[in-house]
Amino acid sequence: MAILVCGGAGYIGAHAVHQLTAKGEKVVIIDNLQTGHRKAINPAAKFYEGDIRNCDVLKKIFTENKIEAVIHFAANSIVSESVKNPLKYFNNNVYGMQVLLESMVNFGVDKIVFSSTAATYGEPEKIPISEKDKTAPTNPYGESKLMMEKMIKWIPNLRYVSLRYFNAAGAIESGSIGEDHQPETHLIPLILQVPLGKRDHITIFGNDYPTPDGTCLRDYVHVIDLADAHILALNHLREGGESDIFNLGSGQGFSVKEIIAAAEKVTGQNIKTEIGERRAGDPAQLIAASDKARKILKWTPQFTNIEKIIETAWKWHKNHPNGYED
Ligand code: UFG
């Protein structure tokens, strides 16, 4: 039996495939390579280039392979883009989920681990954010992921785990795969472009937030720890565990300024900064309570030090300054 990884050529998907194959799991990947990268595809996995909205491709995959469970990463995930083009998000993310679920039902596949997001909560009412807190997304991206979670829950005989990630960061320690978004919008890869000589400075989006140093606090979690949580979630379902939703974060918040200082330490270079306007829709703080994942899934993140997390990202970016294009 194999695990179907939707979006296995993307940033988090590729790291999950690495961890799955390293544990001896048989993996089949579907990816339309819209944001994923051919070079990120693990050679130990069987790859289908295709779109999850195409039921014929899914039919072919489910017919040609014995699929035990699905891990679903295939979605668009840029908040600002989702505000400009919400229907792209409802089409690819929500409709994509519908077609995937229809195919799973048709082929009797009854387990799914879903890649969700802290963006489902919106502006938090309290910190740290727990799974019981109100979900009120402030952008179409978060809304689409919440809709996807809600769709899964209504399918009879389907068991699921939704994993709400906070800020995914870092890369596999060997530096062979890593983060490569076009365009890049995330803080850590953008900061590292300064010591790489690819940008002159990093703009800090607002320094007048109600936080200790005035810049936003985020909860950074290493991509390998995220990948491992998917395997634990899969095993939880295999062992008959209940369908559930879990936050994945370190429980610790770092400010934008603290991340820049840590990157200076890791790279040994000064990183020039400029203060810019606040970015629309950025909450002052997003910090997870992830004790539930630790307790029920027995998730124990290995990367608890922010410098170590940035060190792994630095290794990837230094060796691949142009991402997978090198
Ligand atoms: N930031 C800057 N300058 C930059 C880029 C980012 O100051 O050039 C700041 C942002 O304002 C924010 C922090 O750095 O305060 C982190 O920003 P990211 O864009 O790296 O990440 P976000 O917290 O905005 O987004 C992440 C995920 C989203 C998810 C969101 C909420 O990438 O998918 O968390 O869960 F929706």
Side-chain angles (χ1 to χ4, degrees), residues 5-8 10-20 35-36 71-79 82 89 93 97 112-122 124 127-131 133 135 137-139 141-149 152 160-172 177-179 181 185-189 216-234 236 244-254 259 282-283 285-294 296-297 299-304 306 309 312-313:
V5 178
C6 304
Y11 171 43
I12 305 171
H15 284 83
V17 172
H18 180 277
Q19 294 302 89
L20 282 162
T35 55
I71 306 185
H72 183 21
F73 297 95
N76 291 110
S77 64
I78 301 176
V79 170
S82 79
Y89 281 69
N93 296 4
M97 176 63 100
I112 184 167
V113 178
F114 172 52
S115 166
S116 189
T117 169
T120 51
Y121 294 109
I127 294 292
I129 304 169
S130 107
E131 292 85 352
D133 290 352
T135 47
T138 51
N139 53 65
Y141 165 62
E143 191 77 69
S144 72
K145 288 272 176 156
L146 186 59
M147 288 164 85
M148 292 161 87
E149 283 189 359
I152 300 174
Y160 67 89
V161 168
S162 279
L163 298 173
R164 292 181 177 162
Y165 320 150
F166 283 62
N167 288 60
I172 195 161
I177 49 175
E179 194 166 6
H181 297 112
T185 60
H186 296 102
L187 181 65
I188 293 175
C216 290
L217 297 175
R218 291 290 180 274
D219 182 335
Y220 295 87
V221 52
H222 196 271
V223 64
I224 288 291
D225 286 325
L226 288 181
D228 287 343
H230 291 76
I231 300 176
L232 293 170
L234 177 68
H236 167 82
D244 215 336
I245 295 175
F246 299 94
N247 286 343
L248 297 180
S250 67
Q252 216 187 334
F254 289 94
I259 296 293
D282 271 346
Q285 303 190 42
L286 283 176
I287 300 166
S290 43
D291 40 305
K292 187 175 163 187
R294 289 163 203 258
I296 297 179
L297 298 180
W299 182 56
T300 315
Q302 303 300 308
F303 293 84
T304 51
I306 192 65
I309 293 178
T312 64

Among all residues two or more places apart in sequence or in another chain, which pass the side-chain contact (heavy atoms from CB on, under 4.5 Å) test with [X]?
{"X": "Ser130", "value": "Lys126, Lys132, Asp133, Ala289"}
{"X": "Pro301", "value": "Asp225, Arg294, Trp299"}
{"X": "Thr117", "value": "Ala119, Thr120, Tyr141, Lys145"}

Results of side chain to side chain donor-acceptor pair (under 3.5 Å) for Ser82 - residues two or more places apart only: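 Residues passing side chain to side chain donor-acceptor pair (under 3.5 Å) with Ser82: none at all.
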Taken in chain and number order and not counting sequence neighbours, the residues that satisfy side chain to side chain donor-acceptor pair (under 3.5 Å) with Thr312 are His222
ring-ring contact (aromatic ring centres under 6.0 Å, His included) involving [X] - partner list, sequence neighbours excluded:
{"X": "His18", "value": "none"}
{"X": "Phe114", "value": "His72"}
{"X": "His230", "value": "Phe73, Tyr165"}
{"X": "Tyr220", "value": "none"}

Spatial distance of atom [atom1] ([X]) from atom [atom2] ([Y]) [nearest 0.5 Å]:
{"X": "Asn93", "Y": "Met147", "atom1": "CG", "atom2": "CE", "result": "10.0 Å"}
{"X": "Ser115", "Y": "Arg164", "atom1": "OG", "atom2": "CZ", "result": "12.5 Å"}
{"X": "Leu20", "Y": "Ile71", "atom1": "CG", "atom2": "CD1", "result": "4.5 Å"}
{"X": "Thr300", "Y": "Gln302", "atom1": "OG1", "atom2": "CD", "result": "7.0 Å"}

Could you list the residues that satisfy salt bridge (Lys or Arg N to Asp or Glu O under 4.0 Å) with [X], not counting sequence neighbours?
{"X": "Asp282", "value": "Arg218, Arg279"}
{"X": "Glu143", "value": "none"}
{"X": "Asp228", "value": "none"}

Parallel, tilted or perpendicular: which fits the ring planes of Phe246 and His236, with parallel below 30° and perpendicular above 60°? perpendicular
On a heavy-atom basis, which atom in Glu131 and which in Ile245 lie closest, and how many Å separate them? CG-O, 3.4 Å
Can you give me the closest heavy-atom contact between Leu297 and Ala233, atom names plus distance? CD2-CA, 4.0 Å
Taking Phe166 as the fixed residue, which of Ile129, Ile287, Leu226, Leu248 is the one that meets the side-chain contact (heavy atoms from CB on, under 4.5 Å) rule?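 Answer to the side-chain contact (heavy atoms from CB on, under 4.5 Å) test with Phe166 among Ile129, Ile287, Leu226, Leu248: Ile129.
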Under a 3.5 Å cutoff, is there a donor and acceptor pairing between the side chains of Asp219 and Ser250? yes
Kindly determine whether Leu146 and Tyr121 satisfy side-chain contact (heavy atoms from CB on, under 4.5 Å), including the steps that lead there. CA-CA 9 Å; Leu146 186 59; Tyr121 294 109; over 6 Å; no
